[in-house]
Amino acid sequence: MDAPHSPNAISDFAANLHIGNSLSRKKERFEPLNAPYVGMYVCGPTVYSNVHLGNVRTFLTFDVVFRYLLHLGYKVRYVRNITDVGHLTGDSDDGEDKIGKKARLENLEPMEVVQRYTNDFHDVMRMFNILPPSIEPTATGHIVEQIDMISKIIENGYGYEANGSVYFDVRKFAETHDYGALSGRRIDELQNQTRALDGQDEKRDPIDFALWKKADDSHLMQWPSPWSVGFPGWHLECSVMSTKYLGQSFDIHGGGMDLKFPHHECEIAQNMGAHGQADPVRYWIHGNMLTVNGRKMSKSEGNGFTPDELITGNHKLLEKGYSPMTVRFFMLQGHYAGTLDFSNPALQAAEKGLERLMSAWRLLEDLKPVSSDSAQEAAPDVEDIQKRAYAAMNDDFNTPMLIAVLYDAVKVVNSVASGRMAIDMEGIQSLQSLFERFAKDILGLQHEDTQAAGDDRTDGLMAVICALRAEAKTNKDWATADLIRDRLAELGVNIKDGKDGASWTFD
RNA sequence: GGUCUGGUGGCCGAGUGGCUAGGCUCAGCUCUGCAAAAGCUGCUACAGCGGUUCGAAUCCGCUCCAGACCUCCA
């Protein structure tokens with residue numbers, strides 16, 4: 001991806017980037033701690049099952065953030081973890097972790113489960129053209145660091161051991177820190193609302209959370225520690241890995257809205273408790289949920305589906321299959337901070353809208369200048385379109401607005417292509433650059449029907465067929481001309497009659 | 001119960017004080033042998049009730065509705 005100016009320069013447009021910070025609940029101008037470097041951490045998946053579309057949305061959100069920061073010229077270190085230590089299953093709290101349970105049910109090593117679903121996760125990310133992060137650390141690869149962080153927290157007086165488990169002393173921490181600042185929760189309100197969970201009687205206070213849990217014999221994944229043979233608490237890994245790779249204070253932390261509490265709140269407490277760092281994360285970004293009929297997409301609701309089901313349409317919620325790019329575009333048509341409702345009509349609309357966008361982009365490749373003498377409309381102000389495109393992205397990554405701006409460019413391309421609007425070569429190049437930057441680099445859209453470009457033989461055959469049909473048309477032999485068009489349509493080849501002869505595309 | 005999000009036209013979905021969002025659908029027109037594509041035009045909006053204001057979808061208050069989260073559960 002090229003930066004707008006020289007390879008090492010930060011774009012002038014970067015100065016106006018504003019991010020909706022969920023910590024302050026305000027849009028704030030983005031100022032990196034150590035420009036041109038930017039550190040970003042995003043909570044990755046727990047790899048105990050296939051990811052579904054709701055998960056994809058979160059990673060897509062941060063893919064666009066990552067892409068835009070790169071585009072602006074920042075040197076981004078993007079860390080996205082893999083949670084490969086299972087934590088407790090569901091509400092039932094049967095004392096078994098998710099990965100361990102899956103391993104037992106399928107008679108696999110826990111690490112086989114981890115590998116299988118990590119591979120699946122990577123496949124899905126590729127399918128949706130989501131860029132890999134700079135570092136993808138795993139929880140199990142950082143047990144030593146986690147134990148070390150727990151020790152620091154204990155030393156600082158914010159952690160205590162009970163029966164081989166270690167808990168975070170929330171009340172102690174809250175004496176000097178604002179626990180609940182991110183989620184807006186008050187510890188007095190939290191007090192009576194905690195669920196009855198394993199080990200609750202070991203805690204000094206029900207609101208304390210686990211840093212280390214002693215494992216019983218049935219627990220498949222366990223490690224030695226100064227306190228017991230056991231496993232780390234869920235919130236700890238992200239604190240440890242973000243600190244290790246990005247430092248005690250870094251620029252952006254992202255994740256799904258559902259992780260705000262307790263996960264991210266606890267992360268902040270752990271970081272502060274261990275390092276005394278006042279401001280571990282400068283900008284918190286939370287992606288909102290994908291809903292189906294107004295309900296959060298989740299496995300337990302049975303309303304989530306896998307990419308395979310999506311493409312084949314083989315799911316009770318899907319009327320037909322949709323391509324990954326259609327889904328990517330559909331998601332980008334909503335802002336990441338709002339819920340997005342999944343429905344067949346909405347996806348079909350996205351499919352058609354994307355097709356229009358991509359067709360114009362394709363047209364642009366062979367667009368020729370149109371003189372102002374022959375055109376009814378004056379040349380477009382591409383510079384202005386580009387300005388609005390940057391303004392949209394700078395306004396908290398407003399991809400729906402960016403897409404609306406791109407449709408202005410689509411209109412220009414179509415008008416020029418039909419000879420209605422004037423444009424010079426420079427204008428065409430500006431438009432090409434616009435699509436390259438915003439559609440390809442930033443939104444990550446790509447043509448899916450590349451095989452339709454055809455080889456030489458196909459092109460030759462089509463040229464012959466079109467020539468025959470053109471002759472039929474010249475002879476006003478409409479029956480033959482229509483027959484050719486209809487039969488080709490049945491084969492998935494669409495003929496469009498333009499001013500300069502017919503063109504063709506594959507479905 | 002608490003916390004946090006939201007409630008926008010036929011559908012999806014932007015927009016935080018006055019200026020066209022956009023996409024899809026539908027209707028009409030232009031172009032076209034017809035069709036498709038494209039362009040143009042039109043259509044029905046801002047949950048409700050009060051308030052602030054010259055002016056509110058946009059600010060404030062209340063009500064109603066929906067969703068998410070509430071300690072180890074994306």
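In what follows, chains are A, B, ... by sequence order, proteins preceding strands, each numbered from 1.
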Are OP1 or OP2 of [N] and a side-chain N or O of [X] less than 4.0 angstrom apart?
X: A/Arg356; N: B/rC24; value: yes
X: A/Lys352; N: B/rU25; value: yes
X: A/Asn414; N: B/rG39; value: yes
X: A/Lys476; N: B/rC34; value: no

Can a cation-pi geometry be assigned to A/Arg185 and A/Phe261, taking NZ or CZ under 6.0 Å from the six-membered ring centre and within 45° of the ring axis? yes
Is there a donor and acceptor pair, one atom on the side chain of [X] and one on the base of [N], closer than 3.5 Å?
X: A/Arg485; N: B/rC34; value: yes
X: A/Asn398; N: B/rG15; value: no
X: A/Arg185; N: B/rC69; value: yes

With distance as the sole test, does [X] use its side chain to make a donor-acceptor pair with the main-chain N or O of [Y] at under 3.5 Å?
X: A/Ser343; Y: A/Ala346; value: yes
X: A/Asn21; Y: A/Leu23; value: yes
X: A/Asn55; Y: A/His52; value: yes

Residue mapping more 5' on RNA chain B - nearest nucleotide basis, A/Lys260 or A/Arg469: A/Lys260
Which residue lies more 5' along RNA chain B, comparing A/Pro345 with A/Tyr48 via nearest heavy atoms: A/Pro345
With a 3.5 Å limit on both atom pairs, tell me what B/rG61 is paired to, counting Watson-Crick and G-U wobble, or say none. B/rC49
Rounding to a whole Å, what distance do you find between [X]:[atom1] and [N]:[atom2]?
X: A/Met257; N: B/rC69; atom1: CE; atom2: P; result: 11 Å
X: A/Phe261; N: B/rA68; atom1: CZ; atom2: C1'; result: 14 Å
X: A/Phe330; N: B/rA14; atom1: CZ; atom2: P; result: 10 Å

Which value, in whole Å, describes the distance between the P atoms of nucleotides B/rC43 and B/rG22? 13 Å
